[in-house]
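Below: the structure, in structure tokens.
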Amino acid sequence: RCSTSPTAADLNNTMAFSSHPQQRRLNISGSQQRSKFKLRLDYVFTAFFALIVVVQLVLHQSVHKADSAAQTNNGSSSLPASRLNSPKSPIIDNTNTNNAGTPEKFPTHYTTFSTACSSSQNWQSFLFFFFAHKVNQPGHVIRIASGCTTEQQEELTKFHESTIKKLSENFHVHFTPDFARVSNDNYKYYNKPFGVQHWLNNWLKFEENREEMEDSIIMILDPDMVLLRPLTYDFTDSNVLIHHSKRGPPAVKKVMHGQPWASLYAFGDGPFRVDLNYVFANLTDSPALKATQDERSNNYPGGPPYMATGRDMFNIVNSWVMLVTRVHHVYEHLLGEMYGWSLGAAHMNLPHVLAESFMVSNTDTGNGEGWELIDALDQNEVCEYSTMKEKEDKLPYVIHYCQNYWLGKYFIGKYRLDSHFLSCETPLLLEPPPDIGLKYDYYIKPGGKPYGTKEKMRQVNVKREQFMICQMIARLNDAATWFKDQTCAEGTANYDKSFIFHHSLDPDNNEGGEKTAKW
């Protein structure tokens, strides 16, 4: 701007030059006339560029005011998106910069998880919300609760409003009917696809707000997942490990239209080995039937976290709902609804970018989970519980705590947790020492047969089990402490870190046998 803006001397010269135009015309030679013409062109260009600068400043202030208003709406209301957004633009949470160096709108994020209304799913939901708050997960987080009785719904709503909302006004609960018998075969996992569809139609009101919702980011996770870091649509600078396929890695490492993401699961091309003639009996020209073997094995065996743009998610979920009952009729097993997702996505011709490091869950897994990131941690980092970005960025995005984890006599497993662990009188868990991985290369099961048996463990598993035990116990204690702070009368909360799942931590002291009490 300095080289094109007029200085005070320029302005004085301009005034002097034009003060006696008639006299100057009489004394100007041909060369002087050319100089005069060149000088006047300089003034024209100077004025032109000055005008551009003024216009840019005005436009910048207008955009800034619009973005500020959008951010205010996003942070101050817990109403459904149909009541929050303008007709043509999603809520703006932040701005990034794209490869061209121009500002890029940060899309509205909706993180969902599907549950029943049991006490175990209630405490899992609390943990999910707590750690979404802890890592500053952007946008809205929604529990989709299916099949609650009237009493359960009233109790859950009261708890959500009185406690969960203290974490964030953008945390919600949406209730749906029980879809387990929607196809007369009593499969409780129908509640996930049908529940998400119910939420899309009745809470998000996707069809009514399609223009603004298509560019949003919608995720589906499981209730027994703990966020270790914010999960967003942009993996440009992340440590995410992408599963190899013949399609190659994405040119742009973001969730985009036509480019959904999911976590790699170990069922390979299983969805395509069910009776596809039955599943697609009325859809004989489905793109799913034309998927290549490589796509079947390397682009469709995905599971939570599922991530897609609003437009793609809406299409996949509707296809999922259409196919999942037929899938379960020919595949009556636990993973039926996941197979339904894979075939639904293939029917919409939406191969996924599959991430191998979204989550950690099974310590015996080779490739396919984020254990490579844990294996690379220094020993003093394995038990470190930190929300500092530079620490979080070394980790996977999610712990999926669906297994049992043990080292020596230290143990954590969700089926030995009871909703009572949040009560005021229940002590917290005893936290292991940070060098636990150096002390044991075996484990003793709380319910081993016979009790007290030492079972050897591979060295690579020692570090992984140490990570899961340290991280889950510390995080459970953190969440339980916050809960007690909010709900217990002064002086009634038990903050003693003392509960263990054995009578003694001494591996050679097995008196009392198995301890059956839950935490």
Side-chain angles (χ1 to χ4, degrees), residues 118-121 123-124 127 224 226 360-366 369 371 374-375 377 379-385 399-481 483-484 493-519:
S118 64
S119 60
S120 63
Q121 300 245 287
W123 68 253
Q124 288 175 34
L127 288 182
D224 56 349
V226 163
V360 287
S361 177
N362 184 352
T363 60
D364 284 321
T365 298
E369 293 189 10
W371 292 114
I374 306 306
D375 296 343
L377 293 176
Q379 180 60 37
N380 62 0
E381 296 177 307
V382 179
C383 286
E384 188 175 12
Y385 173 25
I399 286 178
H400 189 189
Y401 56 96
C402 56
Q403 310 283 334
N404 290 320
Y405 307 101
W406 28 47
L407 192 55
K409 278 189 170 180
Y410 286 94
F411 169 84
I412 196 69
K414 71 176 186 179
Y415 295 110
R416 290 228 172 194
L417 302 185
D418 195 303
S419 58
H420 294 303
F421 77 79
L422 295 173
S423 64
C424 298
E425 64 275 9
T426 303
L428 301 176
L429 289 165
L430 179 67
E431 296 179 0
D435 62 346
I436 181 178
L438 303 177
K439 293 184 174 181
Y440 305 103
D441 60 356
Y442 60 87
Y443 61 94
I444 297 174
K445 294 180 180 179
K449 306 294 183 184
Y451 178 74
T453 301
K454 296 179 181 178
E455 302 191 42
K456 288 287 290 183
M457 186 179 295
R458 294 185 306 153
Q459 192 57 44
V460 67
N461 286 59
V462 169
K463 192 173 187 179
R464 297 174 180 184
E465 297 285 340
Q466 176 186 2
F467 176 82
M468 296 299 279
I469 290 169
C470 285
Q471 296 295 330
M472 282 304 301
I473 289 179
R475 290 166 194 272
L476 284 164
N477 281 346
D478 189 19
T481 297
F483 185 87
K484 292 169 188 276
N494 186 345
Y495 297 108
D496 184 30
K497 296 180 179 180
S498 60
F499 187 89
I500 58 176
F501 293 91
H502 294 265
H503 293 290
S504 168
L505 287 177
D506 181 352
D508 298 317
N509 179 1
N510 298 314
E511 294 181 9
E514 179 183 353
K515 183 177 179 180
T516 58
K518 292 183 177 182
W519 181 58

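When reading the values below, keep in mind they use all heavy atoms of this one structure, side chains included, and skip hydrogens, waters and symmetry mates. These figures come from a predicted structure and were not determined experimentally.
Of the possible donor and acceptor atoms, none in the side chain of E381 sits under 3.5 Å from a partner among the backbone N and O of I374. In this structure, the side chain of K484 engages the main chain of T426 through a donor-acceptor pair within 3.5 Å. In this structure, the side chain of Y405 engages the main chain of S361 through a donor-acceptor pair within 3.5 Å. Between the side chain of Q471 and the backbone N or O of E384, at least one donor-acceptor pair lies under 3.5 Å.
More than 12 heavy atoms of other shown residues, nucleotides or ligands fall within 6.0 angstrom of atom CD in E455.
The closest side-chain donor-acceptor pair between S504 and D506, if any, does not fall under 3.5 angstrom.
Q124 pairs by the side-chain hydrogen bond (donor to acceptor under 3.5 Å, both in side chains) definition with nothing, not counting sequence neighbours. Considering only residues two or more places apart in sequence or on other chains, D508 meets the salt bridge (charged side-chain N to carboxylate O under 4.0 Å, His left out) condition with K454. Judged as a side-chain hydrogen bond (donor to acceptor under 3.5 Å, both in side chains), and not counting sequence neighbours, the contacts of S118 are S120.
Ring pair Y401/W123 is parallel by interplanar angle, where below 30° counts as parallel and above 60° as perpendicular.
Annotation: salt bridge (Lys or Arg N to Asp or Glu O under 4.0 Å) contacts involving residues 425-435, sequence neighbours excluded, comprise E431-K497, D435-K439. Within the structure, disulfide (SG to SG under 2.5 Å) contacts touching residues 427-477 (residues at least two apart or in different chains) are C383-C470. Legend: salt bridge (Lys or Arg N to Asp or Glu O under 4.0 Å) pairs involving residues 461-473, not counting sequence neighbours, sorted by first then second residue: D375-R464.
In this structure, OH on Y410 lies 11.5 Å from CG on L429, to the nearest 0.5 angstrom.
Salt bridge annotation for K449-E514: present, with a cationic side-chain nitrogen under 4.0 angstrom from a carboxylate oxygen.
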